[in-house]
Amino acid sequence: MADSSHIKESEVVPLHEDSEELSPATLHLVNMAGSSDDTENFVFSEEGDDSMRKRPKSKMKHSKTCGVCGDRALGYNFNAVTCESCKAFFRRNAFKDTVSQIKCLFKGNCVIDLRTRRFCPACRIKKCFEIGMKRDMILDDGERKARMAKVLHNRAKKGQNPITTTGIKEEPIDHDEFRVESSNISSPSCSESVQSPSATSSTANCSDKLFQQILQDRFPTDPGMYRQLTEPDRLLLNDIAVCYETTVAALPDMDFCQPENYQNANDLVNNSEMCVRQLIKFVKRLDDFRSLCQEDQIAALKSAIMKSLLLRSVAFYIMEKDAWLTQKGEIPTSILREATGFNFLHDLHVGYCRTLKSIILNNFTLYALLQVLMIFHPDGNNLLDRELMSNLQDKYINLLKHYLESEYSFEFAQEYFVAILGKMSELKTLSDHHSRILLQVNPNQIEPLMLEVLNLK
DNA sequence: CTAGCCTTGACG
DNA sequence: CGTCAAGGCTAG
């Protein structure tokens, strides 16, 4: 796949092979810089200036001068020879509106040099453009993301830091910081939108009675009917729930959550990238995931990705509105139909959302547990140690069962458990259908991270 | 916000 | 492997 992130002017504009010599163009720039009447521009020559500013030793040969302020330059930045500070300045300000956002308080012809460069951003940015700095060489949001994704991908491949999500400060999270009473999180009906189960005609058949119970909180009063979770189980559950709430369940800040940003399958895939990142964050915080070898981490994640996105779509489905909740409001499920042209897929997916939602409601502890179960699945592609995976699956299936028994009583847990697992196996079928969307995408227009996790390369 | 320093990927 | 030119981080 071609690297799309760097096909910019930097490749078209001929750069000078020889770093020792100043090209005519560079000379021109330097002359311009020197043409200001302030001779202090050039006080920082080879020696005598280190007392006040650090400089990379061993780079004495870099005697270039910033075309904007005359400070020492290391080379080209955004198509002109500039110092580090003007580079950073340009990056920060190149897209600001020079009329309303940066204004010269004087006559618009301030002298910009090492000393005065901070005084007038307006004239400084003007000079940046004058010496030929090009703002289209600043990576835009998508390009930046692509670049980050590449870095992450490489890191993951090198294995120092298996699957890093942001590349930015991946410090181990302090769970205690988030620790809340587990009862808070796991309350089965932390509902703001408890719906009438009437809409759930198709698949909820077996368990209607149960869900009536759940909805109406008609559970046994005898404490003996409930399992007492062991301390390790309780802690584990709490950890999972907290992780989930702070990653997958945290609505990411996505400014594209408008129906018009879902035109086709490419958009659909690309707009899921944030969710994938959250998912990666989530699994990385699971001790059991980290204990897997790196190959299996990646295999497990890849195998679970589609199902996880679907599960997430259930968690954020709003039944009354037939829409998904996003940070920017609700987005109708019809975008799925419109972006792909697959009516049946839309109906299947929404049907699934409705039935599973009516079972799980807004119990995010359950979503978290199911998400974990999705990851530890022994039949994923390319897994090396399937037995280990199966053991982990056992562990969390048990945890799920115990959790249900502790929350919903022995009387109801069994049925609930079966219903949930049934829906989980259905997820596989749905996810296979969804894979057909991927046949529509143009890999050249897909974010690298998504290419990677969806095996689109 | 500024500016220095650092990390990266591409390229020769 | 060194250089270049992106972006990120952060003390001030």
Side-chain angles (χ1 to χ4, degrees), chain A residues 1-23 25-26 29 44 49-96 101-103 105 110 112-125 127-128 131-161 164-171 277 447-449 452:
Chain A
M1 151 204 74
D3 170 21
S4 58
S5 68
H6 270 80
I7 325 178
K8 299 214 94 174
E9 211 152 351
S10 49
E11 289 180 354
V12 185
V13 173
L15 299 182
H16 329 289
E17 359 21 77
D18 185 349
S19 58
E20 300 294 333
E21 291 244 75
L22 297 181
S23 73
T26 313
L29 304 183
F44 296 108
D49 56 317
D50 279 343
S51 51
M52 58 181 294
R53 292 168 353 89
K54 272 169 273 166
R55 66 148 78 161
K57 346 86 213 119
S58 85
K59 292 238 168 166
M60 284 306 196
K61 60 178 174 183
H62 289 102
S63 50
K64 299 193 185 83
T65 310
C66 173
V68 179
C69 70
D71 196 358
R72 181 195 323 289
L74 292 181
Y76 280 78
N77 291 302
F78 310 111
N79 196 50
V81 176
T82 74
C83 62
E84 281 284 290
S85 69
C86 288
K87 163 186 151 188
F89 172 83
F90 186 75
R91 198 169 51 210
R92 285 192 305 268
N93 296 282
F95 286 100
K96 285 194 184 151
Q101 286 179 280
I102 329 178
K103 241 190 192 139
L105 299 173
C110 303
I112 305 296
D113 63 27
L114 178 59
R115 194 170 41 84
T116 62
R117 65 190 179 192
R118 254 179 300 183
F119 300 164
C120 183
C123 289
R124 189 179 185 184
I125 197 72
K127 195 160 176 188
C128 288
I131 66 158
M133 295 181 83
K134 294 198 187 319
R135 66 179 178 185
D136 61 291
M137 291 179 70
I138 300 171
L139 306 191
D140 67 28
D141 215 49
E143 292 166 316
R144 227 174 339 108
K145 272 199 268 175
R147 187 178 192 262
M148 265 341 280
K150 193 170 297 175
V151 170
L152 298 175
H153 178 228
N154 285 345
R155 267 189 212 158
K157 225 166 48 182
K158 272 199 273 179
Q160 325 128 317
N161 199 358
T164 317
T165 49
T166 60
I168 305 162
K169 270 210 311 195
E170 266 302 315
E171 81 295 337
R277 287 179 184 279
E447 305 281 352
L449 176 66
E452 175 69 22

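Chain naming here is simple, since letters A, B, ... match the order of the sequence lines and numbering starts at 1 in each. Predicted model, so just to flag it, every value in this text is computed and none were measured.
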Distance check: side-chain N/O of [X] vs OP1/OP2 of [N], anything under 4.0 Å?
{"X": "A:Arg92", "N": "B:dT2", "result": "yes"}
{"X": "A:Asn93", "N": "B:dT2", "result": "yes"}
{"X": "A:Arg118", "N": "B:dA3", "result": "yes"}
{"X": "A:Arg117", "N": "B:dA3", "result": "yes"}

Whole Å only: how far is the [atom1] atom of [X] from the [atom2] atom of [N]?
{"X": "A:Arg91", "N": "C:dG7", "atom1": "CZ", "atom2": "P", "result": "5 Å"}
{"X": "A:Arg72", "N": "C:dC4", "atom1": "CZ", "atom2": "P", "result": "15 Å"}
{"X": "A:Asp71", "N": "B:dA3", "atom1": "CG", "atom2": "C1'", "result": "9 Å"}
{"X": "A:Asp136", "N": "C:dA5", "atom1": "CG", "atom2": "P", "result": "16 Å"}
{"X": "A:Leu139", "N": "C:dG7", "atom1": "CG", "atom2": "P", "result": "4 Å"}
{"X": "A:Phe90", "N": "C:dA5", "atom1": "CZ", "atom2": "C1'", "result": "14 Å"}

Any side-chain heavy-atom pair from A:Val68 and A:Met133 closer than 4.5 angstrom? yes

Would you mind telling me which of B:dC6, B:dA3, C:dA6 lies closest to the side-chain atoms of A:Glu84?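 Nearest listed nucleotide: B:dC6.
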
Quick one: list whatever passes side chain to side chain contact (heavy atoms under 4.5 Å, CB included) with A:Phe119, sequence neighbours left out.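 Applying side chain to side chain contact (heavy atoms under 4.5 Å, CB included) to A:Phe119 gives A:Thr116.
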
Checking A:Lys96 now: which residues fulfil side chain to side chain contact (heavy atoms under 4.5 Å, CB included) with it, not counting sequence neighbours?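 Listed in chain order: A:Asn93, A:Gln101, A:Ile102.
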
Does A:Arg117 make a cation-pi contact with A:Phe89, if we ask for NZ or CZ under 6.0 Å from the ring centre and within 45° of the axis?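 No; the conditions do not both hold, so A:Arg117 does not lie above the ring face of A:Phe89.
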
For the side chain of A:Lys87 and the base of C:dG7, is some donor closer than 3.5 Å to an acceptor across the two?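 Indeed there is one.
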
Axis-to-axis angle across the helix from B:dC1-C:dG12 to B:dG12-C:dC1, five pairs an end, to 10 degrees? 10°

